[in-house]
Amino acid sequence: MRYVSDIAGKNDPTNRPRRKILLGITGGVAAYKAAELVRRLGDRGIEVHVVMTEAACGFITPATLQALSGHPVYTSMWDGRIDNGMPHIELTRDKDAIVIAPATADFIAKCVHGLADDLLSTLCLARDCPLIVAPAMNRQMWEHAATQRNVAQIRSDGVTVLGPDSGDQACGETGMGRMLEPEALAEGIAAFLAPKTLLGKRVLMTAGPTFEPIDAVRGITNRSSGKMGYAIARAAIAAGAEVTLVSGPVSLAAPVGAAMVRVQSAAEMFAAVQKHVAKTDIFIGVAAVADYRVAAPRKHKIKKTEEDQLRIDLLPNADILGWVASRPKPPFSVGFAAESRNLDRYADEKRRRKKVKLMIANLAQNAIGADDNEVSLMDDNGTHRLPRAPKDAVAVEIVRHIAALCSSTKRKPR
Ligand code: CTP
């Protein structure tokens, strides 16, 4: 028997790069979102095998899920495609988890009582892997005392409940009970399955650009979407770290579980880092910090008519990463080098100059604003190149590398 703490905890017994789940779809309107969920899980390298209840097939066809998952879809206890004729046992034996999405009120009630009258409910009862449910139902059904009792019971039985969310419902009502959106669900499932390589580690990060005001409406900034930094924050949280994310102005959703510190200027970012650094095990500077600030920003908007030529005096900003890495007892420090040419040489020089354990090098023109990235990891052992991949996948590799380096680096006691 594998327990949740084994599969999701630091004693990850499988240590497999590719995770496999069984996605159980039950009969709710949100079943149509399962198609998108399969894709989002695939983007994260998770292999999905689908089982549907008869009611689910009334909302979305097995053929759709088969095409998207790339694997046969099972709907019946009497399916002859499993060699030993025992689909209700066999289908979960090589899986890391069963995920029921959407999980109707009725299906949750069946799980609570151990009912096993179709393939999916029997698989849940006969499973040897963790169970995750994503409830989806009308708000009155969700709020009903029976449902609340059942949800409390499955939680105490060790089942992980993701969601529900509140908002507009298919029935026209508004309230709690919507299934989480596929992206949020995929993130929750990936986090659940990730090996907990940074369990108990406190990670302080900077991400996004900084904004240095010139006047009330204008400013100097660097091009940075924050996507890479936010992806690393999510991957670190999934790996069990406690993450404080000091973020410049970006239009991204905060990573679930991160302690957010929102700043505008490099000076504010530096102050936030100084405030939090003492309790930090790992510092990751991903922010594109402006190297200069305006010496005397104007309180009011500068009018064009006021001056023919505008001169702005700039003063250098503090090097936040350099400051962190040169503290007497520095955290394990990681920097990013975004260069437009001579990538390896500039990045390695920067690594030595800033005295960081790991420098992640990428070409600015390949990375900024994109959803993919191609990076090289430079440390004392040399340069490790990662193939171009979605930033979420690159972030997982970066976190894996940091965890490996940290565990092989003995820190001086504070
Ligand atoms: N960094 C920082 N504070 C600064 C400038 C940079 O913390 N004032 C960090 C970045 O977050 C990144 C690393 O230092 O992790 C490298 O940033 P980069 O802008 O590439 O390097 P610079 O030191 O600014 O060097 P240059 O602009 O000459 O390339």
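Residue numbers run from 1 in the order of the sequence given. Indexing begins at 1, ligand by ligand and atom by atom, following the structure's order.
Here the closest heavy-atom approach between residue Glu212 and residue Tyr292 is recorded as CG-O, 3.4 Å.
Contact annotation for atom 28 (O) of ligand 1: protein absent (non-hydrogen atoms, distance under 4.0 Å). Note that atom 19 (O) of ligand 1 has no protein non-hydrogen atoms nearby, at separations under 4.0 angstrom.
For a threshold of 3.5 Å applied to N or O pairs, the pair formed by Ala337 and ligand 1 contains no separation below that value. Ligand 1 has no N or O atom lying under 3.5 Å from any N or O atom of Thr206, backbone or side chain. When only interatomic distances are considered, the shortest N/O to N/O separation between Arg353 and ligand 1 does not fall below 3.5 Å. Backbone and side-chain nitrogen or oxygen atoms of Val334 are examined, and none is located within less than 3.5 angstrom of a nitrogen or oxygen of ligand 1.
Just one residue in the list Arg234, Lys33, Arg44 forms a salt bridge (Lys or Arg N to Asp or Glu O under 4.0 Å) with Glu183, and that residue is Arg44. Here the options are Asp371, Ile368, Asn373, the test is side-chain contact (heavy atoms from CB on, under 4.5 Å), and the partner is Lys227; only Asp371 passes.
Under 4.0 Å from ligand 1, not a single heavy atom of Asn317 appears.
No more than 12 heavy atoms of other residues, nucleotides or ligands shown are found within 6.0 angstrom of CZ on Arg223. Around atom CD of Glu187, more than 12 heavy atoms belonging to other residues, nucleotides or ligands sit under 6.0 Å away. Within a 6.0 Å sphere centred on CZ of Arg39, heavy atoms belonging to other residues, nucleotides or ligands number 12 at most. Around NZ of Lys357, the count of heavy atoms belonging to other residues, nucleotides or ligands within 6.0 Å does not exceed 12.
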Would Glu349 and Arg353 count as a salt bridge (charged side-chain N to carboxylate O under 4.0 Å, His left out) here? Give the steps. CA-CA 6 Å; Glu349 278 169 15; Arg353 179 164 38 89; over 6 Å; no
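Counting only non-hydrogen atoms, the option in Val273, Thr210, Ile320 that gets closest to atom 2 (C) of ligand 1 is Ile320. For atom 8 (N) of ligand 1, the choice among Ala318, Ala266, Gly285 with the nearest heavy atom turns out to be Ala318.
In this structure, the protein non-hydrogen atom closest to atom 5 (C) of ligand 1 is Asp291 OD1, 3.6 Å. Among all protein heavy atoms, the one lying closest to atom 12 (C) of ligand 1 is Phe336 O, 3.0 Å. For atom 4 (C) of ligand 1, the closest non-hydrogen atom of the protein is Val289 CB, 3.5 Å.
For Lys354, the closest heavy-atom approach to ligand 1 falls below 4.0 Å.
Heavy-atom contacts of Leu321 reach the following atoms of ligand 1: 2 (C), 7 (O), 9 (C), 13 (C), 14 (O), 15 (O) (cutoff under 4.0 Å). Within ligand 1, the atoms closer than 4.0 Å to a non-hydrogen atom of Ala287 are 10 (C), 11 (O), numbered from 1 in the order shown. Shown in contact with Gly335 at under 4.0 Å from a heavy atom are these atoms of ligand 1, numbered in order with element: 15 (O). Those atoms of ligand 1 with a heavy atom of Lys350 less than 4.0 angstrom away are 16 (C), 18 (P), 20 (O), 21 (O), 25 (O), 26 (P), 29 (O).
Looking only at atom types and distance, the side chain of Tyr230 has a donor-acceptor partner in the side chain of Ser247 under 3.5 Å away. Looking only at atom types and distance, the side chain of Asn362 has no donor-acceptor partner in the side chain of Glu374 under 3.5 Å away.
Taking the centre and axis of the six-membered ring of Tyr74, the NZ or CZ atom of Arg81 falls inside the cone set by 45° and 6.0 Å.
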